[in-house]
Peer 1: 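The following block contains the structure, expressed as structure tokens.
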Number of protein chains: 2
Amino acid sequence: MEMYTDEYFMNEAMKMARIAFEEGEVPVGAVIVCRNKVIARAYNQTEKLTDPTAHAEMLAITAATNALGAKYLTECKLYVTLEPCVMCGGAAFWSQLGELHFAATDPKRGYGRVEPKLLHPKTKVFTGVMADESKQLLDDFFKNLRK
Amino acid sequence: MEMYTDEYFMNEAMKMARIAFEEGEVPVGAVIVCRNKVIARAYNQTEKLTDPTAHAEMLAITAATNALGAKYLTECKLYVTLEPCVMCGGAAFWSQLGELHFAATDPKRGYGRVEPKLLHPKTKVFTGVMADESKQLLDDFFKNLRK
């Protein structure tokens, strides 16, 4: 049995998103995987850190490059529960990310709506795994907010 | 005599860029000004921090929101010596930045080449002050690199 499937890693990212949810943050989670090992885990902390740049992907990219002691993530895969925004897409570009896997699409702020080509040309993109679970968690979050 | 001119603040950003130059970093500097007070100063530290997200603007935005204890920079002005990339433009978007002032344009990686509309619709953009000084410093840096 192959444990290290995309579903496995995306589920790890979903665990991070659920922590964000519990803490009242927009529930987005991310993990970065290098040679089948999770080298960084993060969730959105814009509220806790009062920092609009503290998206899950930004924190994960910084943590992963710290872990590797290298500026590039060419051999790494980022799993994130929501399509990255242009800021995070730009960060992925600079990191020369190997693979981007995102679950739900973000029709409002996703980088793909602005400019799909802003990623690094070598970054392979995969999408859809656990998209429904991620969208449900986000919908629940915003439904609670409006109450 | 008005001390708090755009030239004054851009010169503060240039001082940061020169520190980056001395430290072997791509020489970009930034300051964030709120009610004529510099509340954050930063320079590019991607090499020192081995972090591709450690652009001057990102570090300045994080520092400024920390200083204010607020997630938004609607009343603030960012002065940066080079046109922001899409990552930094996206960060400026999330911060709802009041004014963006940049010196030199970046024909290769500037957000304006990708999508000028990625900034927040309320952000006013000003450009050109000290553009020549900034471009000269960048040219000197890359000339040295190639030696």
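Residue numbers start from 1 in every chain, and the chains themselves are labelled A, B, ... in the order their sequence lines are given, proteins ahead of strands. Computed from heavy atoms alone, side chains included, the values below leave out hydrogens, waters and symmetry copies.
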Peer 1: Select one option (side chain, backbone, both, neither) describing which atoms of B:L49 are under 4.5 Å from chain A's heavy atoms.
Peer 2: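 Contact with chain A is through the backbone of B:L49 alone.
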Peer 1: Is there side-chain contact between B:F9 and B:N36, with at least one heavy-atom pair below 4.5 Å?
Peer 2: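 In short, these two side chains touch, coming nearer than 4.5 Å.
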Peer 1: Using non-hydrogen atoms and a limit below 4.5 Å, what part of residues 57-72 of chain B faces chain A?
Peer 2: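 Within residues 57-72 of chain B, the residues that come under 4.5 Å of chain A (heavy atoms only) are B:M58, B:I61, B:T62, B:T65, B:N66, B:G69, B:A70, B:K71.
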Peer 1: Quick one: of B:K117, B:R109, B:E115, who has the most non-hydrogen atom pairs under 4.5 Å with chain A?
Peer 2: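 When all of B:K117, B:R109, B:E115 are compared, B:R109 has the most.
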Peer 1: Given side chains that start at C-beta, do those of B:P27 and B:N44 come closer than 4.5 Å, heavy atoms only?
Peer 2: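 No. Closest side-chain heavy atoms not under 4.5 Å.
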Peer 1: Quick one: which of B:V28, B:L118, B:L100 gives a side chain to side chain contact (heavy atoms under 4.5 Å, CB included) with B:P84?
Peer 2: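 With B:P84 as partner, side chain to side chain contact (heavy atoms under 4.5 Å, CB included) holds for just one option, B:L100.
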Peer 1: Is there a side-chain contact between A:K122 and A:Q96 in this structure, where contact means two heavy atoms from C-beta onward sitting under 4.5 Å apart?
Peer 2: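 Sidechains of A:Q96 and A:K122: no contact.
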Peer 1: Heavy-atom pairs under 4.5 Å with chain A are the metric here; pick the option from B:G89, B:C85, B:A92 that has the most.
Peer 2: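 Maximum pair count with chain A is reached by B:C85.
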Peer 1: Classify the side-chain pair A:D140/A:Q136 by whether it contains a donor and acceptor separated by less than 3.5 Å.
Peer 2: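 On atom types as modelled, these side chains qualify, holding a pair under 3.5 Å.
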Peer 1: Does B:D139 come within less than 4.0 Å of B:K135, counting only side-chain N to carboxylate O?
Peer 2: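 Salt bridge present between B:D139 and B:K135.
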Peer 1: Hey, does B:Y43 have a side-chain heavy atom less than 4.5 Å from the side chain of B:K48?
Peer 2: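 The answer is yes, as the side chains (C-beta and beyond) meet within the 4.5 Å cut-off.
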